[in-house]
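Indexing begins at 1, ligand by ligand and atom by atom, following the structure's order.
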Amino acid sequence: MIPPKRYKATVVFNKELSSKVYVCRFRVDDDFSYSAGQYGSFILEPTVRRNLSFATPPNGKEFEICADVTPMGPISTWLVGAKPGDTIEFIGPLGKFIVDHESPRKKIFIATGTGIGPVRSQVLDEIRSSKYEQFWLYWGLRFEDDVFWDDEFRGLTASNPHFHYTLTLSKPTIAWKGVDGRVTDHLFDQKEQLSNFDFYLCGSREMVNDVTNRLLEKNVQKEQIKTELFY
Ligand SMILES: Cc1cc2nc3c(=O)[nH]c(=O)nc-3n(C[C@H](O)[C@H](O)[C@H](O)COP(=O)(O)OP(=O)(O)OC[C@H]3O[C@@H](n4cnc5c(N)ncnc54)[C@H](O)[C@@H]3O)c2cc1C
């Protein structure tokens with residue numbers, strides 16, 4: 001793994017993806033790399049740091065993050081006001097939420113909310129490594145207004161038939177024509193034995209704990225489940 005260091009990142013663009021979520025692209029002038037799924041610890045003041053995951057696969061000098069700004073603490077406030085050219089320091093890469101490429105098992109990625117950030121990095125990394133092994137992404141949001149990046153993932157399924165994607169809303173209006181319910185409702189519909197897969201879970205504590213417990217009940221081993229808890 002690449003040892004963490006302190007870097008300066010410059011905002012390339014910053015965009016509202018939904019009423020709660022911003023995507024911000026940064027450029028780092030030093031040599032910088034990471035593994036898909038890792039995060040940075042962003043420094044707002046000497047004693048104030050907040051974690052944000054890299055939402056793009058390792059790509060030379062630039063990366064994106066996607067952040068839920070509803071907490072409106074120091075990092076949310078900074079992001080809402082961030083403009084191209086603004087700078088922030090971070091320590092990274094950090095974390096062990098990394099795909100096990102040595103494993104012979106197929107992969108299932110599961111995210112809720114902005115937990116999609118590191119999972120998007122992993123999914124895009126899987127696709128560009130052009131293995132034709134099938135893999136699955138289940139993503140849970142609440143409302144129609146929360147939806148972002150759905151077109152991107154749908155587009156990827158069209159050009160990569162080995163990639164399977166389900167977006168599910170837990171609180172849609174009656175007008176919603178897509179899949180509804182929680183990610184767990186659909187994950188456990190998989191026809192194949194769940195013990196044949198590795199699982200990558202990221203997002204809310206509730207989802208991560210619920211899915212982990214249910215997988216363990218289905219004889220999936222602990223080492224087949226990697227998790228990143230956001231909140
Ligand atoms: C390893 C790791 C990676 C992470 N990566 C991301 C990421 O890529 N994108 C992302 O959106 N988040 C991510 N998070 C979560 C993010 O770090 C926190 O939400 C962060 O605390 C928000 O910082 P803030 O300064 O805006 O608010 P804070 O000052 O930390 O919190 C303000 C208030 O909001 C509450 N709060 C904090 N976070 C949440 C939340 N998510 N939901 C509801 N209430 C909250 C706090 O308890 C506090 O009362 C990650 C967390 C971890 C541990």
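- In terms of heavy atoms, Ala82 sits closest to Asn14 at O-ND2, 3.1 Å.
- Atoms of ligand 1 found under 4.0 Å from any heavy atom of Glu228, numbered from 1 in the order shown, are 1 (C).
- On a distance-only criterion, Thr114 and ligand 1 share at least one N/O pair closer than 3.5 Å.
- For ligand 1, none of its N or O atoms has an N or O atom of Phe230 under 3.5 Å away.
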For this session: Go through the steps for Arg25 and Glu64 under the test salt bridge (Lys or Arg N to Asp or Glu O under 4.0 Å), then give the verdict.
Result: CA-CA 4 Å; Arg25 175 171 276 263; Glu64 290 174 11; 3.0 Å; yes
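- Heavy-atom contacts of Ser53 reach the following atoms of ligand 1: 3 (C), 4 (C), 5 (N), 6 (C), 7 (C), 8 (O) (cutoff under 4.0 Å).
- Atom 17 (O) of ligand 1 has as its closest protein heavy atom Asn51 O, 2.8 Å.
- Nearest-residue assignment for atom 20 (C) of ligand 1 (options Arg120, Arg49, Arg50, Arg205; heavy-atom criterion): Arg50.
- Side chains of Thr173 and Glu144: a donor on one and an acceptor on the other come within 3.5 Å.
- The number of heavy atoms from other shown groups lying within 6.0 Å of CZ (Arg105) is above 12.
- Not a single heavy atom of Ile65 lies less than 4.0 angstrom from ligand 1.
- Note that atom 3 (C) of ligand 1 has protein non-hydrogen atoms nearby, at separations under 4.0 angstrom.
- Other residues, nucleotides and ligands contribute more than 12 heavy atoms inside 6.0 Å of the CZ atom of Arg214.
- Here the side chains of Phe42 and Trp78 are not in contact, with every heavy-atom distance at 4.5 Å or above.
- Ranking the protein heavy atoms by distance from atom 53 (C) of ligand 1 puts Leu229 O, 3.4 Å first.
- Rounded to the nearest 0.5 Å, atoms NZ (Lys8) and CZ (Phe32) are 15.5 Å apart.
- Phe90 and Phe63 have perpendicular rings, their planes meeting at more than 60° on a 0 to 90° scale where under 30° would count as parallel.
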Problem set entry | Chi angles and distances behind the side chain to side chain donor-acceptor pair (under 3.5 Å) call for Gln224, Ser195 | CA-CA 8 Å; Gln224 289 170 248; Ser195 53; 5.9 Å; no
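- Counting non-hydrogen atoms of other residues, nucleotides and ligands closer than 6.0 Å to CG of Asp31 gives a total of 12 or fewer.
- At least one N or O atom of Asp68, backbone or side chain, sits closer than 3.5 Å to an N or O atom of ligand 1.
- At under 3.5 Å, a nitrogen or oxygen of Cys66, whether backbone or side chain, sits near a nitrogen or oxygen of ligand 1.
- Here the protein heavy atom with the shortest distance to atom 31 (O) of ligand 1 is Pro71 CB, 4.0 Å.
- If you run ring pair (Phe, Tyr, Trp, His ring centres under 6.0 Å) between Phe197 and each of Trp136, Phe135, Phe109, only Trp136 comes through.
- Looking at Pro74 next to ligand 1, an N or O pair under 3.5 Å apart turns up.
- For atom 26 (O) of ligand 1, the closest heavy atom belonging to the protein is Ser76 OG, 2.4 Å.
- Relative to atom 35 (C) of ligand 1, the option among Tyr231, Phe42, Trp78, Phe97 with the closest non-hydrogen atom is Tyr231.
- For atom 23 (O) of ligand 1, a protein heavy-atom neighbour is found at a distance under 4.0 Å.
- In terms of polar-atom proximity, defined here as any N/O pair under 3.5 Å, Ala67 makes no such contact with ligand 1.
- Distance screen at 4.0 Å: atom 7 (C) of ligand 1 has a protein heavy-atom neighbour inside the cut-off.
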